[in-house]
Every structure is written in C-alpha cells, then in structure tokens.
There are 2 protein chains.
Amino acid sequence: MKYSKQRELILNCIKENPRHLTADSIYEIVKKDNPNLSLGTVYRNLAQLVEHDMILKISISGEPDRYDGNVDDHLHFLCLDCGKVQDLFLDELTAIRSLVEQRGDVKIESFDILLKGTCSECKK
Amino acid sequence: MKYSKQRELILNCIKENPRHLTADSIYEIVKKDNPNLSLGTVYRNLAQLVEHDMILKISISGEPDRYDGNVDDHLHFLCLDCGKVQDLFLDELTAIRSLVEQRGDVKIESFDILLKGTCSECKK
DNA sequence: CTACCTGCAAAAGGTTTGCATAGCC
DNA sequence: GGCTATGCAAACCTTTTGCAGGTAG
C-alpha cells in the first residue's frame with residue numbers, strides 16, 4: 001500500500017474517535033484538515049484499511065456502516081435508545097469460536113456480533 | 001395486523017425456504033403465484049413481520065438483507081466461498097447473553113451474530 | 001516512469017415513500 | 001364505511017465506479 005496523506009488522516013480519525021463513526025462523519029471530520037477531500041476517497045480508503053485488517057467494518061441493518069479502530073476480537077452493543085455503539089470484550093469469545101468450529105464443522109474467519117438493547121445510561 | 005393474501009404468501013415463502021432469502025428472491029418466488037405483486041409490498045410486509053417478531057432480518061455488510069423464518073435465538077454462519085448462510089443453535093448463547101448483561105450493565109433485546117468463514121462443504 | 005491515488009460527478013443498488021385504488025372487517 | 005394494504009413509480013441514501021489528472025517510490 002503506497003502512502004497517502006488522506007489515508008493517514010482517515011486512519012487517525014478512526015483511531016482517535018472511539019465512537020464508531022460512519023463514512024460520512026469521517027469525511028466531515030477529515031475535511032476540516034483537508035478541505036478538498038472527496039467522499040469517494042474516504043470509501044476507497046476505508047475499504048483498503050478493512051482489507052488490510054487495520055480497522056473493522058460494523059454493519060447495522062438499515063443504517064450506514066460504521067468503522068472501528070480496534071481490531072481485537074470483541075463484540076458490539078448498539079443502544080436502541082441513544083444509538084451509541086459500545087465495545088465489549090469477552091474472553092469467552094474464544095471458547096465460542098472453537099465450539100462453533102467443532103459443532104458446525106466450519107472454519108471461522110471473522111466474528112460479527114452485534115447485540116442490541118438498552119445501555120446503562122439509558123436504562124436509568 | 002389486518003389479513004392480506006400477499007403477507008401470507010410472503011411468510012409462507014420464508015418459512016418454506018430455509019435458505020435465508022433476500023427481499024428480491026422472495027419477490028421473484030411469490031410473484032409466480034401472484035403475478036402483480038410489487039417489490040414495495042414485499043418490503044413493507046417484511047418490515048411488519050420483523051416488527052411482529054415473526055421473522056428475523058439478517059444484515060450482511062455489502063449485501064442485501066436476508067430474512068429468516070426461525071426466530072429462536074441462534075447464530076448465522078456465512079460461507080465466504082459458496083455464499084450460503086446456515087443456522088447454528090448453541091445453548092451457550094443464553095449464558096453469553098446474561099454474561100454480557102452483567103458485564104456491560106445493559107439490557108439485551110436482540111442478538112445478531114454473524115460468523116464468516118468456510119463451511120464444511122467448501123472446506124473439502 | 002509507472003503504478004497507485006485523488007477529486008469529481010455520475011451511476012448503481014437496495015430500500016423507502018407518496019399517491020390513488022383495492023380489499024379486509 | 002373506515003382503515004389498512006396494494007401497485008406503481010419516483011425518490012432516497014449509501015456506496016461504487018469511470019475518468020482525467022496528481023503523487024509516491
């Protein structure tokens with residue numbers, strides 16, 4: 001992958017924002033530092049970063065995709081009230097992974113786990 | 001929900017097809033019995049059936065959504081080779097659910113788990 | 001110099017919606 | 001009869017793509 005200023009800015013933006021931004025939000029943010037950035041470039045770079053396992057793509061039904069700078073195995077929790085996505089790390093995921101591989105006789109490449117409900121903030 | 005012929009046909013189509021069809025495939029199939037069905041009607045009914053917990057919507061990044069007639073807690077495995085989605089039932093999901101609820105201090109409404117990899121057929 | 005990257009704008013693809021009509025209860 | 005569902009087509013929104021020019025190595 002050849003260096004590009006745009007890609008660096010996009011990656012930084014994702015790493016600095018733990019909020020699981022959409023392509024469009026990233027575009028808006030990075031554009032402040034690089035005014036003639038184009039949305040197409042954002043999408044192209046996001047695709048490459050995902051391809052190279054440098055970020056994760058989170059796909060939520062009926063909403064634009066979001067991107068996550070943390071590529072370690074973890075799951076996502078979407079709050080149906082406030083719309084925030086939070087990361088959850090569970091050691092048990094490894095166990096589940098091998099359990100599924102045995103039980104289903106499959107080879108798992110990736111885990112996309114999205115839980116939906118109400119977050120601690122909104123439960124109050 | 002008022003009865004409609006279209007909705008009945010759509011629901012039957014999903015229940016009869018264990019293949020996790022897309023809205024468009026459902027449209028094509030049901031149209032054989034009901035030639036002047038429209039795609040919009042299919043989408044509207046799918047949304048209602050999901051709303052009433054009669055079917056499940058499976059969202060796969062970069063692909064059209066699919067629909068599942070089985071609403072019991074289970075996970076999905078997408079084969080990256082052949083594209084088939086298979087259901088996997090794991091008792092351990094219940095444990096995971098309460099684990100997450102405790103650990104993350106959240107209330108879970110729904111579970112969307114999509115594993116990707118190679119299925120037993122394609123592993124050969 | 002060459003291959004990859006960018007900006008722009010147009011196109012694609014899936015899904016939603018407005019409107020007038022038809023069908024259930 | 002009233003309210004919901006339908007068909008049709010246009011609109012929507014996110015994402016992708018073609019092209020001509022720019023930039024890293």
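Numbered from 1 within each chain, the chains take letters A, B, ... in sequence-line order.
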Novice: Just by modelled atom types, is the A/Val42 backbone N or O under 3.5 Å from a matching donor or acceptor in the A/Arg7 side chain?
Specialist: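 Checked: no pair found.
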Novice: Using atom CZ of B/Arg7 as one end and atom C1' of D/dT6 as the other, report the distance to the nearest whole Å.
Specialist: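 Roughly 11 Å, once rounded to whole Å.
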Novice: Rounded to whole angstrom units, what separation is found between the CG atom of B/Leu9 and the P atom of D/dG7?
Specialist: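 Distance check: B/Leu9 CG to D/dG7 P gives 10 Å.
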Novice: List, by chain and number, the other hydrophobic cluster members for A/Val71, where Ile, Leu, Val, Met, Phe, Trp and Tyr join if side-chain heavy atoms come within less than 4.5 Å, directly or indirectly.
Specialist: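 Noted: A/Val71 shares its cluster with A/Leu56.
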Novice: Restricting to side-chain contact (heavy atoms from CB on, under 4.5 Å), what partner residues turn up for A/Thr22, sequence neighbours left out?
Specialist: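 So A/Thr22 forms a side-chain contact (heavy atoms from CB on, under 4.5 Å) with A/Asp24, A/Ser25, A/Pro64, A/Arg66.
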Novice: So, is B/Gln6 near the phosphate of D/dG7, with a side-chain N or O under 4.0 Å from OP1 or OP2?
Specialist: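 So the side chain of B/Gln6 is within the cut-off, an N or O lying under 4.0 Å from OP1 or OP2 of D/dG7.
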Novice: Taking the side chain as every heavy atom from C-beta outward, state whether A/Leu115 and B/Arg97 have any pair of such atoms under 4.5 Å apart.
Specialist: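 In short, these two side chains do not touch, never coming nearer than 4.5 Å.
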Novice: Report for the helix from C/dC1-D/dG25 to C/dC25-D/dG1: angle between first-end and last-end helix axes, five pairs each, rounded to 10 degrees.
Specialist: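 Both end axes considered, the difference amounts to 40°.
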Novice: Taking everything shown except A/Glu92 itself, do over 12 heavy atoms lie less than 6.0 Å from its CD?
Specialist: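 Yes, because the 6.0 Å sphere around CD of A/Glu92 holds more than 12 heavy atoms from other groups.
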Novice: Over how many whole Å does the gap from A/Ile10 atom CD1 to D/dT15 atom P extend?
Specialist: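 Atom-to-atom, A/Ile10 to D/dT15, this comes out as 14 Å.
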Novice: Is there any ring pair (Phe, Tyr, Trp, His ring centres under 6.0 Å) pair reaching into residues 50-69 of chain A, and which pairs are they, with sequence neighbours excluded?
Specialist: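 Residue pairs passing ring pair (Phe, Tyr, Trp, His ring centres under 6.0 Å), neighbours aside: none found.
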Novice: In whole angstrom, give the distance that lies between atom CG of B/Asp24 and atom P of C/dG13.
Specialist: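 Result: 12 Å.
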Novice: Could you tell me how far apart A/Ile26 (CD1) and D/dT15 (P) are, to the nearest whole angstrom?
Specialist: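 My rounded result for the distance is 10 Å.
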Novice: Can you name the side-chain contact (heavy atoms from CB on, under 4.5 Å) partners of A/Asp87, sequence neighbours left out?
Specialist: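 If we apply the side-chain contact (heavy atoms from CB on, under 4.5 Å) test to A/Asp87, skipping adjacent residues, the hits are A/His20, A/Asp68, A/His74, A/His76, A/Phe89.
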Novice: Is atom NZ of A/Lys15 surrounded by more than 12 heavy atoms (other residues, nucleotides or ligands) closer than 6.0 Å?
Specialist: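 Yes, enclosed.
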Novice: Could you check how far CD of B/Glu28 sits from P of C/dG14, rounded to whole Å?
Specialist: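 Checked: the CD to P distance equals 12 Å.
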Novice: Report yes if at least one side-chain N or O of A/Asn45 is closer than 4.0 Å to OP1 or OP2 of C/dT6; otherwise report no.
Specialist: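 The answer is yes; a side-chain N or O of A/Asn45 sits under 4.0 Å from OP1 or OP2.
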Novice: Going by side-chain contact (heavy atoms from CB on, under 4.5 Å), name the residues that satisfy it together with B/Ile29, two or more places apart in sequence or in a different chain.
Specialist: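 Applying side-chain contact (heavy atoms from CB on, under 4.5 Å) to B/Ile29 gives B/Cys13, B/Asn17, B/Leu21.
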Novice: Once side-chain hydrogen bond (donor to acceptor under 3.5 Å, both in side chains) is applied, do any residues pair with A/Lys31, and if so which ones, sequence neighbours excluded?
Specialist: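 If we apply the side-chain hydrogen bond (donor to acceptor under 3.5 Å, both in side chains) test to A/Lys31, skipping adjacent residues, the hits are A/Tyr27.
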Novice: Any side-chain N or O of B/Gln48 less than 4.0 Å from the OP1 or OP2 oxygen of D/dT4?
Specialist: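 For B/Gln48, the contact criterion (side-chain N or O under 4.0 Å from OP1 or OP2 of D/dT4) is not met.
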Novice: Using a 4.0 Å heavy-atom cut-off, write out nucleotides 20-25 of chain C from 5' to 3' as B (base contacted by protein), S (sugar-phosphate only) or - (no contact).
Specialist: ---BBS
Novice: Side chains of residues 100-113 of chain A: which donor-acceptor pairs under 3.5 Å do they make with residues two or more places apart or in other chains?
Specialist:
residue  : atom : partner  : partner atom : Å
A/Glu101 : OE2  : A/Ile108 : N            : 2.7
A/Asp105 : OD1  : B/Lys123 : NZ           : 3.0
A/Asp112 : OD2  : B/Lys116 : NZ           : 3.4

Novice: Figure out the CD/P separation between A/Glu8 and C/dT6, and round it to whole Å.
Specialist: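 These atoms are roughly 12 Å apart.
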Novice: Just to be sure I understand the geometry, which residues of residues 50-61 of chain A put a non-hydrogen atom under 4.0 Å away from DNA chain D?
Specialist: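 Close to the strand, none.
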Novice: Summarise protein proximity over nucleotides 8-14 of chain D in one line of letters, 5' to 3': B for base, S for sugar-phosphate only, - for none, counting protein heavy atoms closer than 4.0 Å.
Specialist: B-----S
Novice: Side-chain contact, heavy-atom cut-off 4.5 Å: A/Leu90 with A/Leu88?
Specialist: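 A/Leu90 vs A/Leu88: side chains apart.
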Novice: Taking only residues two or more places apart in sequence or in another chain, which ones pass side-chain contact (heavy atoms from CB on, under 4.5 Å) with A/Thr41?
Specialist: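 Result, side-chain contact (heavy atoms from CB on, under 4.5 Å) vs A/Thr41: A/Gln6, A/Leu37, A/Ser38, A/Arg44, A/Asn45.
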Novice: Give the minimum heavy-atom separation between B/Ser61 and A/Asp65, together with the two atoms involved.
Specialist: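 Closest pair (atom of B/Ser61, atom of A/Asp65, distance): OG-OD2, 4.1 Å.
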